[in-house]
Protein chains: 2
Amino acid sequence: MKEKATSFDIAYKAGVSQSTVSRALRNSPLVNEATREKIQAIAKELNYKVDKNASNLRSQQSDTIALLLFADPTNDDSDINPFFLSMLGSITRACAKKGYDLLVSFQQASDDWHADFEDSNKADGLILLGYGDYVDYEEKLIKLLDQGTHFVRWGAEVKNLPLISIGCDNHQGGIEMTEHLIKKGRTKLAFLGSASSHAPEFFDRYKGHCQSLKDNGLVVNQALQFNALYTEEAGYQAACKLIAGGEPFDAICAACDLIAIGAMRALQEHGISIPEQVALVGFDDIAVASFTFPALTTVKQDTQLAGELLVGTLLDLISGEEVKTTLIPPELVIRKSCGNEL
Amino acid sequence: MKEKATSFDIAYKAGVSQSTVSRALRNSPLVNEATREKIQAIAKELNYKVDKNASNLRSQQSDTIALLLFADPTNDDSDINPFFLSMLGSITRACAKKGYDLLVSFQQASDDWHADFEDSNKADGLILLGYGDYVDYEEKLIKLLDQGTHFVRWGAEVKNLPLISIGCDNHQGGIEMTEHLIKKGRTKLAFLGSASSHAPEFFDRYKGHCQSLKDNGLVVNQALQFNALYTEEAGYQAACKLIAGGEPFDAICAACDLIAIGAMRALQEHGISIPEQVALVGFDDIAVASFTFPALTTVKQDTQLAGELLVGTLLDLISGEEVKTTLIPPELVIRKSCGNEL
DNA sequence: CTGAAAGCGCTTACAG
DNA sequence: CTGAAAGCGCTTACAG
């Protein structure tokens, strides 16, 4: 392994000062055109790369963003919700586009947060992503805020905290999934997903669901709501309870696609046909959704837009610009699980 | 935002020298117990975090690994094969376990590689992951080798290059998927997936497939092999060609699950029943595989083990230990797409 | 066990 | 447009 070249080596070869090399390599307009070209040629020849540790140390910025992905602690961590994996992909791409590197870290909600990333100057800012018990997070978020850490989170808007969030308009999404079912002639709609402030995204979807029910002259039947968190298994369990409960239903709104897929399994095991006997709508539009049988009608969250907004907003925040919490409009993707399209 | 504390601030407060602070914070045995505790308490109180840029610059190591994920350039980059996303997850976890940070970067196969990560001292080593045209990669791999970069790749073993790879035993996997079909009484097996050195993983699976055919007294019918790369769409196209080709077949080996899923769609569109008329096996065992209809029998690659091996091997390599290319044994996961279990 | 000092490789005022 | 010099915040010989 060869010794790594430094800017001094280049300076020596080029017959200029090290300062000039540094400037030339960063395309400073202060450097003479010809000098710059010469220096860059030598740098290339020597396979020189700026030492990031040195340059970051000196300039006190890292051009790196850290992504903290929270896994549901009830989950064994081998399965991350595919929705978040998809977000990870779009965030990575958005960072690359802006010339930032991305440090990825999976966290347990219970962990001591590695908010150190910014404190230790490894990252200029943080993106927080993942479901989890919001109530548990809150104090940590406040701590981050206190420390003056630059961060943006994915999720439901929080009213009384000056948090910058990018999230889906879950309330609107809840309305759309419900509306669609009602238009299909369903009247006894169940909702599978936790309805509490511990899971604000789901709660918002549920509230949208309830509002749509009311707007369409239907009543909210508490006996048709069952809690479930994030997983296929939870969806399966909730659907089993729903079936066992005996309360008649002809449609299910699932708070996320994984829950919908679990519900699908439960329905199939009980010989209940989809969509003939029970129509089903999910939320997220993960890749799997188009491969289930029948293909799942769902509310899509635009992960690409989300990634760009998350990164863009964080960078604005870091550079001291005015930023604000943004809601992304959901989009109903109609497939087969609620009957054929009209 | 408060000023960040430095080790000098702590030294001042503790009434010791900065060197001692540095030692105490790294739990050096050279420091007196009481002194260390005092220093650590002050550090905590001041919310002090070691500046990684400074410490990395000085110690010339970063405790960071970079993961380069290659996207198939023919793909619009919004979809990364879920198999790699799953690998990403397991690698992230393996890094965390070892106390390393992970820098993630998506690359186009055509890009100038950011092998800079190591050159620029941002990472101590690289993990290379992703399908792509191997032939295109080769010269870049050689360049990495020449530079003395520490890296480990996921994929098929390469014979004439001193590359360290971690990969699945694709040949064995090809045998197992084929054997299973033959045991189910199928005799006219098609193979969907590129059979060329441009896609060595697929090629190895194909070779295993052919060998199994021969071992069981069946002939390899070239008319039943169709090229396809990595995607659902490619699988769909290949299956359509297979069907249109007119050569009779009663089973399909798909080189990856996405291809299998595409083939499934083609078969269903043509009114061909699975598994009655045609049995189907995939490769990878992505999460979707258990949600298709019928559920997909497939050859599982153990991503968790893969992640641990990739990270562990890379760290060994960095610390100068002897390392070697390792093959992970595949595992057949039997579901419904080849008929009910015996 | 502790401290004074050098130095990792850059960027950036400052002076010309 | 260019150079000499300071300094980012640590770690690590070196000396005691």
Side-chain angles (χ1 to χ4, degrees), chain A residues 2-40 42-43 46-64 101 116-124, chain B residues 2-40 42-43 46-64 101 116-124:
Chain A
K2 304 142 193 165
E3 280 303 300
K4 250 156 214 165
T6 72
S7 52
F8 283 94
D9 299 328
I10 297 182
Y12 178 78
K13 263 210 148 181
V16 298
S17 73
Q18 183 268 342
S19 330
T20 299
V21 170
S22 175
R23 290 191 192 99
L25 260 17
R26 278 171 301 117
N27 289 313
S28 160
L30 290 176
V31 176
N32 176 291
E33 178 73 21
T35 314
R36 175 172 56 226
E37 278 170 16
K38 181 175 173 195
I39 290 172
Q40 291 188 339
I42 294 175
L46 261 44
N47 198 24
Y48 169 80
K49 298 282 154 42
V50 170
D51 185 304
K52 286 291 182 185
N53 290 133
S55 71
N56 292 344
L57 172 58
R58 180 55 231 246
S59 61
Q60 295 292 43
Q61 61 161 57
S62 63
D63 286 354
T64 299
D101 288 323
D116 325 347
F117 278 125
E118 185 172 342
D119 292 333
S120 61
N121 280 339
K122 283 206 79 163
D124 298 332
Chain B
K2 305 142 193 165
E3 279 304 299
K4 249 157 212 164
T6 72
S7 52
F8 282 95
D9 298 328
I10 297 182
Y12 177 78
K13 262 209 147 182
V16 296
S17 74
Q18 183 267 341
S19 330
T20 300
V21 171
S22 175
R23 291 191 191 99
L25 260 17
R26 278 170 302 117
N27 289 312
S28 160
L30 290 176
V31 176
N32 176 289
E33 177 72 22
T35 315
R36 175 172 55 228
E37 277 170 16
K38 182 174 172 195
I39 290 171
Q40 291 188 340
I42 294 175
L46 262 43
N47 198 25
Y48 170 80
K49 299 282 153 38
V50 170
D51 184 303
K52 287 291 181 185
N53 290 132
S55 71
N56 292 345
L57 171 60
R58 181 55 231 246
S59 61
Q60 295 292 42
Q61 61 162 58
S62 64
D63 286 354
T64 299
D101 288 324
D116 325 345
F117 278 125
E118 186 172 342
D119 292 333
S120 62
N121 281 339
K122 284 206 79 165
D124 298 332

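Within every chain, numbering begins at 1; the chains are lettered A, B, ... in the order of the sequence lines, protein sequences first and strands thereafter.
Nearest heavy atoms, Ile10(A) versus Tyr48(A): CD1-CG, 3.4 Å. Residues Gln61(B) and Asn56(B) come closest through the heavy atom pair O-OD1, 2.9 Å.
Using a 4.5 Å cut-off on side-chain heavy atoms (C-beta onward), Thr64(B) and Lys52(B) make no contact. Proximity of Leu25(B) to Gln40(B): side-chain heavy atoms (C-beta onward) are separated by under 4.5 Å at one or more points. Considering only heavy atoms from C-beta on, Asn32(B) stays 4.5 Å or farther from Lys38(B) through its side chain. With contacts defined as side-chain heavy-atom distances shorter than 4.5 Å, the pair Asp124(A)/Asp63(A) qualifies.
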* Under a 3.5 Å cutoff on both atom distances, Watson-Crick or G-U, what's the dot-bracket for DNA chain C ([ ] crossing, | other strand)? -> |||.||||||||.|||

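With values rounded to the nearest 0.5 angstrom, Tyr12(A) atom OH is found 15.5 Å from Ser17(A) atom OG. Here Lys122(A) contributes atom NZ and Ser55(B) contributes atom OG; the two are 8.5 Å apart, rounded to the nearest 0.5 Å. Within the model, atoms CD of Glu37(A) and OG1 of Thr35(A) stand 9.5 Å from one another, a figure rounded to the nearest 0.5 Å.
Scanning residues 16-24 of chain B for heavy-atom distances under 4.0 Å to DNA chain D yields Gln18(B), Ser19(B), Ser22(B), Arg23(B). Using a 4.0 Å cut-off on heavy atoms, the residues of residues 50-60 of chain B that approach DNA chain C are Leu57(B), Arg58(B), Gln60(B), listed by number.
Residue pairs satisfying the salt bridge (Lys or Arg N to Asp or Glu O under 4.0 Å) criterion with at least one member in residues 7-16 of chain A, sequence neighbours excluded, are listed as follows: Lys13(A)-Glu45(A).
Checked against side-chain contact (heavy atoms from CB on, under 4.5 Å), Arg23(A) has the following partners two or more places apart in sequence or in another chain: Ser19(A), Thr20(A), Arg26(A), Ser28(A), Leu30(A), Val31(A).
The nucleotide range of DNA chain C contacted by chain B, defined by atoms under 4.0 angstrom from heavy atoms of the protein and reported 5' to 3', is dC1(C) to dG9(C).
Using modelled atom types and a 3.5 Å distance limit, the side chains of Asn53(B) and Asn121(A) yield no donor-acceptor pair.
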